[in-house]
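The sequence lines fix the lettering, A, B, ..., with proteins before strands; numbering per chain opens at 1.
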Number of protein chains: 2
Amino acid sequence: MEAVGNLSRKEQVIRKAAELFREKGYAASSMRDLAQMLGIEAASLYSHIKSKEEILQSLCFDMASEFRKSLQEVEKQGGDASQKLRNGIIGHIQVMAKDLIASAVFMNEHRHLSQPYLRDFLLLRINYINRFKDIIEEGMEKGEFKKNIDKKLAVMTLFSSLNWMPQWYDPKSNIVPTELGEQLADMLVNGLKK
Amino acid sequence: MEAVGNLSRKEQVIRKAAELFREKGYAASSMRDLAQMLGIEAASLYSHIKSKEEILQSLCFDMASEFRKSLQEVEKQGGDASQKLRNGIIGHIQVMAKDLIASAVFMNEHRHLSQPYLRDFLLLRINYINRFKDIIEEGMEKGEFKKNIDKKLAVMTLFSSLNWMPQWYDPKSNIVPTELGEQLADMLVNGLKK
DNA sequence: GGCGAAAATGAATTTTGGTTCGATTAAGGA
DNA sequence: TCCTTAATCGAACCAAAATTCATTTTCGCC
């Protein structure tokens, strides 16, 4: 068993699977495809993982856990609503930037989880979203944010913007994740207008 | 052939397929599932359509055509950048609102198009996006918009927000598509902050 | 050098998928 | 009533998919 430092074989399998899932989608990805990417036979995969779905579960729940930790940190720090929102956005972006591939899978493929994993996943997600919603509501009540924008619209727009980042962001571009988060926060909070 | 007024059988098939594709994704949707939703056998589908992918093609390219028409209208109307951007957003939202289901499929499943359809589709899309990008650039040059926001980030944030709408918008809610478009435009142009 | 665990294999199983085909039914117009 | 055409069906085909299993191969370590 070749362990730490380099990736364990299981981790290698999961990483390659993430690449495959992101490119073709979970349902359209076959275990034979995956095996080929690793230079082995499909049957060999099962020495490392229990099933195709187990891979998806790892990817989704590991990301969910990172997001949760990030938000918890933000809440601990405190500040006014603008500040917390801003920090939340930056944190979210940073978590995604740490693994863009897994983030894309997390976002687009989680629906292929079977029960009861799907249910659990959606609960985690709604909880996460609601905590952002609370921040926005707080900002509205305290007069920091406009009150005339629909709350659901505001939160969903926020998450749409955040969650699509893995699809277009190029880590080799000259804009670095932290700055990306800053700019995104600025754009959503202050708008495009001068 | 039962034609206009009600939907032709082919159109019925395509509509039901859109529902199915949205729910389970294209790759995870089987022709037998689709047939069952229509109360017929899988073989019967092929009296109306040539293949599973033909359905996806219809859905994707019909939506693309609607988007193109909408943007053309906006460009014809003119105005300054804020105004054009605003109109473009509202138009985009209205096109989606006319068929939320097809919009969701358009957004999430187009990648399953085979060549050369995929290439054609992506060309249409990049053209559409670039025309929005031009509007934003214009606004930056003329001093309407901030110059310190990355252009790609701005455009992509815009499209993320727009394109996710079909996933959370409930047409039975009290907010109507036009107003949704207005608020979304306001939020992106002016921001959340008071 | 050889032991044991990890990794990989090939063959086989079972299920499901898209699609074809020839035949049958249903219905509307001449 | 007969003819045409659309719509449907049942059976079958073939390819591909996930997974199992018994069997090797590989390889670090004593």
Tell me which nucleotide among C/dA7, C/dG18, C/dT20 gets nearest to the side chain of A/S47. C/dA7

Expressed in angstrom and rounded to an integer, what is the separation of A/Y46 atom OH from C/dA7 atom C1'? 16 Å

Considering only heavy atoms from C-beta outward, does the side chain of A/M31 approach that of A/Y46 to under 4.5 Å? yes

For the pair A/F67 and A/H92, name the ring-plane relationship: parallel under 30°, tilted 30 to 60°, perpendicular over 60°. parallel

Flag, side chain of B/S103 to backbone of B/D99, donor-acceptor distance under 3.5 Å: yes

Check the distance between C/dC21's P and B/K50's NZ and give it to me in whole angstrom. 15 Å

Answer yes or no: side-chain N or O of A/S30 and base N or O of D/dA17 forming a donor-acceptor pair under 3.5 Å. no

Side chain of A/E41 only, please: which of D/dA7, C/dG18, C/dT9 is the nearest? C/dT9

Is the phosphate of D/dA7 approached by B/H48 (side-chain N or O, under 4.0 Å from OP1 or OP2)? yes

Rounding to an integer number of Å, can you tell me how far A/I40 CD1 sits from D/dT25 P? 17 Å

Rounded distance in Å - CD (A/Q12) to C1' (C/dA6): 13 Å

From C/dA11, C/dA8, C/dT19, nucleotide with atom closest to A/A43 side chain: C/dA11

Would you say the base of D/dA16 and the side-chain of A/R32 have a donor-acceptor pair closer than 3.5 Å? no

Protein-nucleotide distance (B/K52, atom NZ; C/dT16, atom P), rounded to Å: 15 Å

Between P of D/dA6 and CZ of B/R9, the distance in whole Å: 15 Å

Under the rule for side chain to side chain donor-acceptor pair (under 3.5 Å), what residues qualify as partners of B/E138, not counting sequence neighbours? B/K84, B/K142

Taking atom P of D/dT19 as reference, at what distance in whole Å does atom CD of A/E54 sit? 10 Å

Measure from CG on B/L45 to C1' on D/dA6 and round the result to the nearest Å. 15 Å

Please pick, from D/dA18, C/dT20, C/dT19, the nucleotide with the shortest atom-to-atom distance to any side-chain atom of A/M31. D/dA18

So, B/D186 and A/K146, do they make that salt bridge, N to O below 4.0 Å? yes

